Amino acid sequence: MSVFNNSEVMYFLLIGIPGLEYAHEWISIPIFLMYLIAIMGNCIIIFVIKTEPSLHEPMYYFLTMLAVSDMGLSFSSLPTMLKIFFFNAMAISPNACFAQEFFIHGFTVMESSVLLIMSLDRFLAIHNPLRYSSILNGRRVAKIGLILAFRSTVLVLPFPFTLRKLKYCHKNLLSHSYCLHQDVMKLACSDNKINFIYGFFVALCTMLDFALILMSYVLILKTVLSIASLAERLKALNTCVSHICAVLIFYVPIITLAAIHRFAKHKSPLLVILIADMFLLVPPLMNPIVYCIKTRQIREKVLGKLGLK
């Protein structure tokens with residue numbers, strides 16, 4: 001019996017944290033709390049921006065898109081991670097695995113795209129503040145959101161279909177607590193050259209986003225240095241702090257994992273798993289916290305909704 005006609009594998013096995021299986025139930029508690037705080041924090045951000053007319057500006061619309069991406073990442077990985085750590089249930093069907101990796105990679109690409117657009121938003125706000133509102137009006141922001149969602153879907157849509165066509169011969173142990181394209185692809189015993197090439201192309205698209213973000217900050221820095229007043233320079237740079245933190249929180253784990261896989265001769269599986277888990281846990285958790293702390297308008301509105309000064 002098999003799930004697919006060309007497959008001999010009925011299910012894949014996900015792993016938790018090797019060597020700490022005895023502590024999985026205890027580990028599940030902080031993981032669950034991190035997910036809970038992340039979901040609540042992003043819901044609060046979306047609710048506050050939606051209900052406060054003073055926050056109906058491009059910067060906050062893009063922040064809403066970031067919160068949606070973060071929630072998508074959380075909900076995509078939450079079921080399997082909690083199932084592993086709470087109940088030690090490691091099995092996942094191929095169809096569920098392919099669906100999960102589609103959503104994880106899709107929301108990853110979307111978050112990368114949103115971070116890029118947010119950097120361009122900051123450049124426009126600093127470089128041309130008088131025309132900022134007319135350039136990024138509500139209609140254009142809505143179109144950008146639809147384009148980002150379309151781009152993310154189209155880029156990762158081939159993943160589940162190409163993985164489905166591969167043959168999996170007895171090997172079914174994955175190396176993370178959730179399904180990733182590159183992880184599933186390595187289990188195939190048939191030719192996976194197309195999957196490798198296309199996966200590399202999608203990774204390049206994400207890295208291109210990062211390169212464009214860096215370029216936009218070079219332009220922002222150039223614009224800020226042309227401002228005569230030191231106070232105005234600091235004020236302009238301060239509007240970028242939250243976004244810079246979000247970029248670092250998102251890209252540092254990705255770049256670290258890529259560097260470990262490329263250059264580490266004797267990489268620790270435990271280290272790789274922890275960094276990979278951080279990639280899905282930390283950005284959805286930290287982005288709402290960073291924006292609430294560093295963005296006065298968001299902080300004041302959130303505290304107001306909670307009945308606090």
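As the structure is a prediction and not an experimental result, all values here were calculated from the model.
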Out of curiosity, does [Y] fall in the hydrophobic cluster containing [X] (side-chain heavy atoms, cut-off under 4.5 Å, transitive links)?
X	Y	result
Leu204	Leu208	no
Leu274	Met81	yes
Phe250	Ile255	yes
Leu136	Ile147	no

Looking only at heavy atoms, what is the nearest atom pair of [X] and [Y], with distance?
X	Y	answer
Ile45	Ala67	CG2-CB, 4.3 Å
Ile49	Leu55	CG2-O, 4.0 Å
Ala38	Ser74	CB-OG, 4.2 Å
Leu187	Leu173	CD2-O, 3.6 Å
Ala246	Leu115	CB-CD2, 3.9 Å
Ser152	Val156	O-CG2, 3.2 Å

Could you walk me through whether Ser113 and Arg151 pass the side-chain hydrogen bond (donor to acceptor under 3.5 Å, both in side chains) check? CA-CA 9 Å; Ser113 304; Arg151 174 187 186 244; 2.3 Å; yes
Using side-chain heavy atoms (C-beta onward) and a distance below 4.5 Å, is [X] in contact with [Y]?
X	Y	value
Phe85	Ser177	yes
Leu281	Tyr35	yes
Phe12	Tyr168	yes
Ile15	Ile84	no
His181	Phe102	no
Glu111	Pro283	yes
Gln100	Ile92	yes
Thr295	Thr239	no

Reported [atom1]-to-[atom2] distance for the pair [X] and [Y], which is rounded to 0.5 angstrom:
X	Y	atom1	atom2	value
Ile104	Leu180	CD1	CG	6.0 Å
Leu174	Gln182	CG	CD	11.0 Å
Leu33	Met40	CG	CE	11.0 Å
Arg233	Ile126	CZ	CD1	13.0 Å
Leu221	Leu225	CG	CG	4.5 Å
Leu214	Leu219	CG	CG	11.5 Å

Would you say the ring centers of [X] and [Y] fall short of 6.0 Å from each other?
X	Y	result
Phe159	Tyr198	yes
Phe279	His176	no
Tyr217	Phe123	no
Tyr251	Phe210	yes

Quick one: do the Asp183 and Tyr178 side chains pair a donor with an acceptor below 3.5 Å?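 Short answer, no.
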Looking only at atom types and distance, does a side-chain atom of Arg140 sit under 3.5 Å from a main-chain N or O of Ser134, one as donor and one as acceptor? yes
If only atom types and distance count, is the side chain of Asn192 paired as donor or acceptor with the main-chain N or O of Met185 below 3.5 Å?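 At least one qualifying donor-acceptor pair exists.
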Quick test of your reading of the model: are Lys165 and Asp191 salt-bridged, counting only N-O distances below 4.0 Å? no
Check the surroundings of atom [atom1] in [X]: do more than 12 heavy atoms from other residues, nucleotides or ligands lie under 6.0 Å from it?
X	atom1	result
Lys294	NZ	no
Phe103	CZ	no
Phe47	CZ	no
Ile194	CD1	no

Using side chain to side chain contact (heavy atoms under 4.5 Å, CB included), reason through Asn95 and Arg164 one step at a time and then give a plain yes or no. CA-CA 8 Å; Asn95 283 334; Arg164 186 184 176 93; 3.0 Å; yes
May I have the step-by-step check of side chain to side chain contact (heavy atoms under 4.5 Å, CB included) for Lys83 and Asn88, ending in yes or no? CA-CA 6 Å; Lys83 190 171 69 170; Asn88 200 33; over 6 Å; no
